[in-house]
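First the structure, in the form of C-alpha cells, and then the observations on it.
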Number of protein chains: 2
Amino acid sequence: MEKHVTIKDIAKELNTSVSTVSKALNEKYFDINPETRQRVLKAAREMGYRPNPIARKLQQGRSYNIGVIVPEFLDTFFPEVIFNIQKRLIKEGYQVVVMSSDESFETELENLKTLEDNMVDGLIISLTRETKNIDYINKIIDRGMPVVLFNRVNPSIRSPKVIFDDFKWSHFATEHLILQGYRNIYHFSLPYHLAMSQKRIQGFKSALKKYRIPFTEEHIIETGISIEEGQEAMKRLLDRDIVPGAVFAAGDKVAIGAIKELKRRGYKIPDQIGVMGFTESALAEIIEPNLTSVNQPTDKIADKIVELLLDSINDNGKAKIGEFLIGGTLNVRESSRVMASDPKRT
Amino acid sequence: MEKHVTIKDIAKELNTSVSTVSKALNEKYFDINPETRQRVLKAAREMGYRPNPIARKLQQGRSYNIGVIVPEFLDTFFPEVIFNIQKRLIKEGYQVVVMSSDESFETELENLKTLEDNMVDGLIISLTRETKNIDYINKIIDRGMPVVLFNRVNPSIRSPKVIFDDFKWSHFATEHLILQGYRNIYHFSLPYHLAMSQKRIQGFKSALKKYRIPFTEEHIIETGISIEEGQEAMKRLLDRDIVPGAVFAAGDKVAIGAIKELKRRGYKIPDQIGVMGFTESALAEIIEPNLTSVNQPTDKIADKIVELLLDSINDNGKAKIGEFLIGGTLNVRESSRVMASDPKRT
DNA sequence: CTGTTAGCGCGTTCAT
DNA sequence: ATGAACGCGCTAACAG
C-alpha cells in the first residue's frame with residue numbers, strides 16, 4: 001500500500017519548502033525562479049504526485065465539482081441531458097457528480113445537503129414531481145451557491161431556469177394536427193400540478209382558438225406518464241363511446257399507450273385517428289405507425305444550462321434570475337400524416 | 001451569506017473546548033459526562049450544525065461515498081442498475097456518486113483517479129468498450145480500495161465480478177428457437193472483443209450442438225450495439241441472398257434493426273423467420289411483433305454488487321475474487337411464437 | 001525569489 | 001471528565 005505522495009514529500013526530496021513547491025505547482029504564481037519551477041515539476045512528475053482535491057477543497061472552498069440532481073434517470077431524457085452537461089463541463093475542467101432523487105422530496109433534500117456539504121462549485125437541479133417546498137433551495141442560493149434549474153422548475157426559486165418552450169411547441173403540435181385536417185382533438189395531459197402540463201394545455205387551447213375550433217374542457221384529460229396510463233385513458237374514453245378525431249398526448253409514452261389501445265380495437269392510424277406525442281424518445285421510431293412528436297434538443301438545453309452556471313460561478317452571484325426558453329423540432333412521422341404537405345417546423 | 005457553523009462555534013457558545021464537542025458528537029466516546037453530551041447535542045441542533053464531510057475525509061480517509069463508473073447511460077440498463085444500487089446503499093448510510101466514461105478509456109481513467117482522489121470508500125465499475133489496459137484498476141485495488149466490477153468485466157482484474165450468466169441464457173435462448181422448430185439460425189453478435197460476446201457465442205454453439213444442428217462459422221456475424229448496425233447486418237445478409245430461418249441477436253437493439261429490415265422486405269415474423277433478442281429493454285414490447293428476449297434482472301444484479309462491496313469494505317481486503325453469475329428470465333413474445341407450447345423459462 | 005507560519009474543520013492522543 | 005496540541009494536505013500572508 002504505497003503512500004500517496006504529497007507536496008511535503010516533494011519538498012523534502014528537493015530540500016526546499018512546501019510553499020515553494022505549492023507555488024511552483026500553481027500556474028498563477030510568478031514570484032518563483034523558472035528553474036526551481038521546472039525542478040519541482042519534474043520531481044512531481046517522476047514521483048507521481050497528484051494533488052489531493054480534498055485538502056484543496058478544505059482550504060479554499062473550491063472543488064471544481066458540479067452537482068447534478070435529477071428526479072429519475074430511467075427514461076432517456078435526463079441521461080441525455082446529463083451526458084451533454086458532462087461533456088461540456090469536462091472541457092472547462094469540472095467533474096460532474098450526479099445524484100437521483102427517485103421522485104422523492106426527502107431524497108432530494110438529502111442530496112442537496114450532501115452536495116452542498118461536499119462543497120460543489122455549483123448545482124444543476126431538476127425538481128421532483130412532489131417538490132413544493134423550495135425554502136431550502138432558496139437558502140442555498142442565498143448563501144452564494146450558483147444554481148441553475150431546468151425542466152422541472154419552480155418559478156419562485158431565485159435562480160436562472162432553463163425550460164423547454166412548452167406553450168409554443170404545444171401550440172405548434174396542435175396546429176399541425178389541425179392543418180392535417182383533424183378535428184375533435186383530445187389532449188392527454190401529464191399530471192396537472194406540473195407547471196409544464198399547464199403550459200402545454202394552454203398551447204393546446206391557443207391553437208384551437210386560433211382556428212376557431214370549438215372545444216370543451218372535456219377534451220383535456222389528465223393522465224400519468226407511463227404507457228399503461230396512456231392506454232388506460234384511451235380505454236376509458238372509448239368505453240364511453242367517445243372516438244376522438246385525434247389525440248395529442250403530452251408525452252411519448254402516453255401516446256404509445258393510446259396507439260396500442262386504438263390498434264387493439266382496430267382503428268386505423270393515421271387515417272381514422274391521428275396521434276401526436278411530445279418529448280420525443282427512441283420509442284417514436286419503433287412504434288408502428290411511427291409517432292409524430294416534438295423533439296426537445298438535449299444538447300441545446302445542456303448548452304444553456306452550462307453557460308448560465310459558468311456565468312453564475314464567474315460573475316459571482318450576479319445570476320440572471322428568470323426563464324430561458326429552448327425551442328424544439330416537430331418531427332412529423334406516420335401517426336399524423338394524412339395529407340402530403342405541412343412542412344417540418346423548426 | 002451566513003457562515004457554516006462548526007464545532008468551534010459550538011465550543012465557544014458553550015464555553016468548552018472543541019475536543020469535548022467533538023467527542024460528545026461522536027457516539028463512540030464514553031469518557032464524557034452525559035450531561036455535557038446532552039448540552040452539546042442540544043446546542044448543535046439549535047445552531048443547525050452539520051459536520052463538514054470534507055474535513056472528516058481529510059482527517060480519517062473515510063467518506064461514506066461510493067463511486068460508480070459506467071460506460072454510458074443512454075440505454076436503460078445502466079440507469080436501472082445504478083438506481084437499484086443507490087436505493088440499497090442509501091439504506092446503509094452511503095451516498096452514491098455516478099460518473100460516465102462515455103465509452104472512452106481515457107475518460108474512464110480520469111474518472112477513476114477523480115474518485116480515488118476524492119476518497120470514496122468503494123468503487124463499482126463497468127468497463128468501457130475499449131478498455132484493455134487494466135493496470136491502473138489493479139493498482140487501485142492493491143492500494144486497498146474495495147472494488148466490484150459488473151457487466152463489462154475483465155477476468156484479470158483482482159476483484160469480485162458480478163455478471164449475467166451469458167453462456168447459460170444464450171444457450172436457453174437458442175434452444176427456445178430450436179424447440180420452436182426454427183433451423184438455419186444466425187447469431188448477430190455484439191463486438192467480438194467483449195467477453196460477454198464470446199460467452200453468448202459459446203452458449204449459441206452449445207445449444208446447436210446439443211440438438212445436433214449443423215452450422216458453420218458463417219452463422220455468426222459480428223455487429224455493433226445499435227438499431228442501425230443490426231439493420232445493416234440484416235441487409236448485408238439478405239443482399240447476399242441468404243435468408244435465415246431465425247436470428248438470435250445478442251442485443252435488443254440489434255434485433256430490432258433486424259426486424260425492421262425483414263419487415264421492410266416483406267418477410268413475415270415469426271412465421272417465416274423467428275427473431276430473438278437479449279438484455280431486454282422497454283423496446284421489446286413496443287416493436288411489432290413484440291420481441292422475445294432474455295431479461296437481465298437489474299435488481300438482483302444490484303443486490304449482489306452491493307453485498308460484495310459491503311463485504312469488501314468491512315472485511316477489509318479479503319475480497320472474494322471471482323465471478324458471480326446472475327440468472328435471468330426468458331420472455332417469450334410474438335417474434336418467436338410458432339407453436340403454442342414451450343413454457344416460460346426461469 | 002524562498003521559507004516560515006497559520007489555518008481550513010475535524011478527530012485523536014496525551015496531559016491534567 | 002476535560003482541554004491543549006497536533007496532523008490530515010494544501011494555500012496564502014508575511015518575513016526575510
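Chain letters run A, B, ... following the sequence lines, proteins first, then strands; residues in each count from 1. Below, each value reflects all heavy atoms present in this structure, side chains not excepted, and no hydrogens, waters or symmetry copies.
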### Query
With sequence neighbours left out, what residues match A/Leu41 under side-chain contact (heavy atoms from CB on, under 4.5 Å)?
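Applying side-chain contact (heavy atoms from CB on, under 4.5 Å) to A/Leu41 gives A/Leu25, A/Arg37, A/Gln38, A/Arg45.
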
In whole angstrom, what separates [X]'s [atom1] from [N]'s [atom2]?
X: A/Lys12; N: D/dC10; atom1: NZ; atom2: P; answer: 13 Å
X: B/Arg56; N: D/dG9; atom1: CZ; atom2: C1'; answer: 19 Å
X: B/Arg39; N: D/dA1; atom1: CZ; atom2: C1'; answer: 12 Å
X: B/Ile10; N: C/dG11; atom1: CD1; atom2: P; answer: 11 Å

### Task
Indicate whether any N or O donor in one side chain lies under 3.5 Å from an N or O acceptor in the other, for B/Glu130 and B/Ser104.
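Absent: no donor and acceptor within the cut-off.
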
### Query
Cationic tip of A/Lys300 within the cone over A/Phe164's six-membered ring, i.e. under 6.0 Å and within 45° of the normal?
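No, a cation-pi geometry is absent between A/Lys300 and A/Phe164.
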
Remember a base hit wins even if backbone is also touched, and classify [X] as base, sugar-phosphate or nothing at under 4.0 Å, heavy atoms.
X: B/Leu58; value: base
X: B/Pro53; value: nothing
X: A/Ile7; value: base

Has the side chain of [X] got a donor or acceptor atom that lies under 3.5 Å from a matching backbone atom of [Y]?
X: B/Asn52; Y: B/Ile54; result: yes
X: A/Ser126; Y: A/Arg152; result: yes
X: B/Asn111; Y: A/Gln95; result: no
X: A/Ser63; Y: A/Lys57; result: no

### Query
Between the axis at one end of the helix from C/dC1-D/dG16 to C/dT16-D/dA1 and the axis at the other (five pairs apiece), what's the angle to 10 degrees?
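Both end axes considered, the difference amounts to 50°.
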
### Task
Test A/Glu72 against A/Arg129 for salt bridge (Lys or Arg N to Asp or Glu O under 4.0 Å), laying out the working first.
CA-CA 10 Å; A/Glu72 47 98 357; A/Arg129 195 198 291 214; over 6 Å; no

Within the sub-3.5 Å range, which N or O atoms of nucleotides 12-16 of chain C have a protein N or O partner, and how far apart are they?
residue, atom, partner, partner atom, Å
C/dT12, OP1, B/Lys28, NZ, 3.4
C/dT12, OP2, B/Lys28, NZ, 3.4
C/dT12, OP2, B/Tyr29, OH, 2.5
C/dT12, O5', B/Tyr29, OH, 3.4

